[in-house]
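Comments concern the structure below.
Both ligands and their constituent atoms are indexed starting at 1 by order of listing. What you see is a predicted model; the values in this text were computed from it and never measured.
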Amino acid sequence: MENTMEQKKNLKGKYHDEILFARHKDNPLITPDMCPYPINTIFNPAAAEVNGETVLLTRVEDKHGISHLTVARSKDGISDWKIDKSPSLEPEPEKYPEEELGIEDPRITWLEELKVWAITYTAVSKDGPLVSLATTKDFKTFKKLGPILRQHDKDAALFPKRVNGRWAIIHRPTLSHLVPAHMWISFSHDLKHWGDFQIIMRARKGNAWDGAKLGICPEPLETPDGWLILYHGIRKTCYGSIYRIGLALLDLDKPWQVIRRSRDWVMTPLAPYELFGDVGNVIFPCGWIHDKKTGIVSLYYGGADTSIALATAPMKEILSYMKNCPEK
Ligand code: BMA
């Protein structure tokens, strides 16, 4: 970390990948030393705007290696973070055995119909990761609803409203470590029982930046041009995996149909806090906030599985970028 902090001081100017998203000059905004209790790392935050405050639900890894979720709040979404004094949402293996090895990587979706924030997160069971669901109204108390998708599935985000009468979720099952892992969509009447599984976006082949695995980042955002989704793509190299991000637009009424998909990544690990940390070469966003007044999309992401950073882009520019993207 020391090395990273030293390099941060010298960090000026833009990186060559900043065509759409610009990194905040104060990155990383949240580092492990800011947590009021001892931890290893704080990263991969989901985000929500609650009563004018930015709320991040962060993944915190303890010094044993088990993750829980903790809330960080800020008035401007940049500075003066107030981090809960103890874990906000902990694994409870006695009640939820699938949480034995921790809970990770939350995504938050506001469900207007139910007037709750829904949190999909990864529960790490002895038999592999799966997707669990919790709800909250205030990010102070949480109600766990248990597993909704079985083992070897993660990176799940709910749509904010029903599509043709049913709830919809994007998720990423891993069927075998020998084949690429694609993004799927599934549907439910009650948020608990899911079906009609189908692949919506495939990992591209070979050395493509998203050739090995894909996974949705934050929840889909409704725009006039379609559902905007941000996803991470993984390329495997002899030096390890590189986690980059790209964008896609899905049809509003038939979200299993991809209208546009960025051919190239839109952000790649370049800053020291993305390159160095517990797991280097990782940009992993789980939350974004679209400020309808300014039109700015604020993207909160984990850097190198160690700290939390922010990048912003105007929604207008994102949508005009998407217009020039190919259909697949
Ligand atoms: C994924 C998840 C993320 C993590 C990433 C890089 O499988 O575990 O939480 O950021 O790997 O280590």
Side-chain angles (χ1 to χ4, degrees), residues 4 27-28 30-32 39-47 56-62 64-70 89 91 98-108 119-132 149 151-157 170-177 179-184 203 209-218 230-237 239-246 265 267-271 273-288 299-311:
T4 308
N27 278 350
I30 303 180
T31 49
I39 61 164
N40 177 42
T41 46
I42 181 163
F43 56 115
N44 300 4
L56 299 184
L57 188 61
T58 68
R59 170 177 172 189
V60 170
E61 193 184 280
D62 68 16
H64 180 77
I66 300 281
S67 290
H68 59 265
L69 309 182
T70 277
L89 194 60
E98 69 284 354
E99 297 185 353
E100 182 168 346
L101 301 179
I103 57 176
E104 307 177 350
D105 301 347
R107 275 77 167 179
I108 300 170
I119 302 159
T120 44
Y121 60 95
T122 306
V124 190
S125 80
K126 278 194 292 207
D127 303 305
L130 53 80
V131 179
S132 285
L149 296 168
Q151 270 84 356
H152 299 291
D153 209 335
K154 52 167 37 181
D155 295 324
I170 293 179
H171 57 114
R172 208 281 312 284
T174 304
L175 304 180
S176 149
H177 287 288
V179 295
H182 313 304
M183 260 160 56
W184 294 59
W209 68 272
D210 52 358
K213 282 185 186 183
L214 305 177
I216 191 163
C217 296
L230 183 86
Y231 69 98
H232 64 260
I234 302 172
R235 176 182 172 185
K236 294 213 162 125
T237 76
Y239 187 62
S241 296
I242 309 175
Y243 281 70
R244 300 174 167 124
I245 53 172
W265 44 257
M267 263 181 94
T268 188
L270 288 175
Y273 50 84
E274 298 159 357
L275 297 174
F276 308 111
D278 266 11
V279 187
N281 272 324
V282 176
I283 289 182
F284 203 101
C286 290
W288 55 8
L299 180 66
Y300 292 92
Y301 64 97
D305 283 10
T306 298
S307 60
I308 291 175
L310 167 67

>> As a quick check of understanding, evaluate side-chain hydrogen bond (donor to acceptor under 3.5 Å, both in side chains) for D210 and Y231, giving each step before the final call.
In response: CA-CA 9 Å; D210 52 358; Y231 69 98; 2.8 Å; yes

Which atom pairs, nitrogen or oxygen on both sides, join ligand 1 and the protein at under 3.5 angstrom?
residue, atom, partner, partner atom, Å
ligand 1, 7 (O), K154, NZ, 3.2
ligand 1, 9 (O), N44, ND2, 3.0
ligand 1, 9 (O), R59, NH1, 2.6
ligand 1, 9 (O), D105, OD1, 3.0
ligand 1, 9 (O), D105, OD2, 2.6
ligand 1, 10 (O), N44, ND2, 2.9
ligand 1, 10 (O), D305, OD1, 2.6
ligand 1, 11 (O), Y243, OH, 3.1
ligand 1, 12 (O), D305, OD2, 2.7

>> Does this structure show an ion pair linking D305 with R59, if we count only N-O contacts that are shorter than 4.0 Å?
In response: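 R59 and D305: not salt-bridged.
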
> Does any non-hydrogen side-chain atom of I245 lie less than 4.5 Å from one of L299?
Replying inline: yes

> Is the Y243 ring parallel, tilted or perpendicular to the H232 ring (thresholds 30°, 60°)?
Replying inline: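 Tilted, since the angle between the ring planes falls between 30° and 60°.
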
> Sequence neighbours excluded, which residues qualify as salt bridge (charged side-chain N to carboxylate O under 4.0 Å, His left out) partners of D153?
Replying inline: none

>> Checking side-chain polar atoms at under 3.5 Å, does R244 have a donor or acceptor matched by the opposite partner on T268?
In response: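 Side-chain D/A pair, R244 to T268: present.
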
